[in-house]
Amino acid sequence: MKIGFFGGTFDPPHSGHVRAASAFADQIRPDRLLIIPNYISPLKDKAVAPDEDRMRMCELAFSSVPGAEISDREIKAKGTSYTYRTVAALEREFRGAEIWMLLGSDSFMSLERWARWRALLCHCYIAVAMRGNEKPPLFTEKVRTYEMHYGARISLLHNEPVEVSSTEIRGHRSGLVPQAVAEYIREKGLYE
Ligand code: ATP
């Protein structure tokens with residue numbers, strides 16, 4: 001059994017997130033794919049949009065990804081959303097399953113800033129979606145180091161990179177969001 005998860009602030013979810021999740025669903029074929037909006041990221045300020053709006057926008061955004069389920073587990077847990085805790089909870093819930101963590105290449109490159117990152121490399125299979133701005137030698141070197149020194153199991157997804165970030169969308173500098181999300185943002189007056 002393969003349990004995939006994709007964590008993020010999703011403030012808002014955009015086309016880069018959706019493409020990454022679709023590539024993951026196609027290429028890794030998880031039995032479950034949980035999209036997990038965080039409550040508070042350990043590395044970022046609290047999201048701008050309210051939690052319930054981020055949940056709803058994720059439902060709209062990822063509805064095109066086969067099997068994707070939006071999970072409110074980190075939002076319900078409140079506090080700082082540490083990924084190693086989420087992984088431990090998934091391991092308890094899905095005993096014996098492979099836990100697959102989907103990451104964008106920027107998050108993968110900064111994994112060492114995450115709490116208990118070495119444990120994450122041991123406990124999870126990692127799938128990396130390209131964002132289009134990675135520096136090839138540094139990126140390849142990191143993959144090799146993690147594999148050689150920590151026994152990491154890393155799969156690089158073949159996804160067409162979409163160069164967009166939630167920050168750009170909040171600043172109205174990009175339109176790369178699924179249409180239903182764009183409408184929701186407009187109706188609710190988010191990020192104005
Ligand atoms: P922000 O601009 O607010 O920092 P973000 O666009 O990076 O946000 P997050 O919600 O922080 O979005 O990202 C959640 C996950 O999605 C991370 O693993 C991140 O690397 C990945 N991700 C974000 N944007 C893309 C993209 N364009 N392509 C592939 N993966 C992405």
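For ligands, and for the atoms within them, numbers begin at 1 and follow the listed sequence.
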Would a distance-only check, ignoring hydrogens and angles, find a side-chain to backbone donor-acceptor pair under 3.5 Å from [X] to [Y]?
X     : Y      : answer
Asp11 : Val48  : yes
Lys78 : Ile40  : no
Ser15 : Leu176 : yes
Lys2  : Ile28  : yes

Count the heavy atoms of every other residue, nucleotide or ligand shown that sit under 6.0 Å from NE2 of His172, and state whether that count exceeds 12.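 Yes, the 6.0 Å shell around NE2 holds more than 12 heavy atoms from other groups.
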Heavy-atom neighbours of Glu52 CD exceed 12 at 6.0 Å: yes
Give the atoms of ligand 1, by number and element, whose distance to some non-hydrogen atom of [X] is under 4.0 Å.
X      : result
Leu103 : 18 (O)
Gly8   : 10 (O), 14 (C)
Ser107 : 17 (C), 18 (O), 19 (C), 20 (O)

For [atom], tell me which residue out of [options] has the closest non-hydrogen atom.
atom                    : options                      : result
atom 18 (O) of ligand 1 : Pro12, Gly104, Ser174        : Gly104
atom 27 (N) of ligand 1 : Ile169, Asp11, Val18, Val162 : Val162
atom 13 (O) of ligand 1 : His17, His14, Met101         : His17

Tell me whether [X] reaches ligand 1 (any heavy atom closer than 4.0 angstrom to a ligand atom).
X      : value
Gly7   : yes
Glu163 : no
Arg170 : yes

Within the structure, does [X] bring an N/O atom to less than 3.5 angstrom of an N/O atom in ligand 1?
X      : answer
Ser105 : no
Leu102 : no
Phe10  : yes

Spatial distance of atom CG (Leu103) from atom CH2 (Trp114) [nearest 0.5 Å]: 5.0 Å
As an exercise, state the distance from CZ of Arg54 to CD1 of Ile75, rounded to the nearest 0.5 Å. 4.5 Å
If we set the cut-off at 4.0 Å for heavy atoms, which region of [X] has an atom near ligand 1: side chain, backbone, both, or neither?
X     : result
Lys44 : side chain
Arg19 : neither
Phe6  : side chain

Top protein contact for [atom], by heavy-atom distance:
atom                    : result
atom 6 (O) of ligand 1  : Ser166 N, 2.8 Å
atom 1 (P) of ligand 1  : Thr167 OG1, 3.2 Å
atom 20 (O) of ligand 1 : Asp106 OD1, 2.5 Å
atom 7 (O) of ligand 1  : Arg131 NH1, 3.1 Å

Apply the side-chain hydrogen bond (donor to acceptor under 3.5 Å, both in side chains) test between Glu74 and each candidate in Thr80, Thr86, Thr83; give the one that qualifies. Thr86
Restricting to non-hydrogen atoms, name the atom on Ala20 and the atom on Ala129 that form the minimum distance, rounded to 0.1 Å.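 Closest approach of Ala20 to Ala129, heavy atoms only: CB-CB, 3.6 Å.
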Passes salt bridge (Lys or Arg N to Asp or Glu O under 4.0 Å), Arg56 versus Glu59? Steps please. CA-CA 5 Å; Arg56 183 69 194 125; Glu59 280 163 13; 2.8 Å; yes
Aromatic contact between Phe10 and Phe62, with the criterion being ring centroids under 6.0 Å apart: yes or no? yes
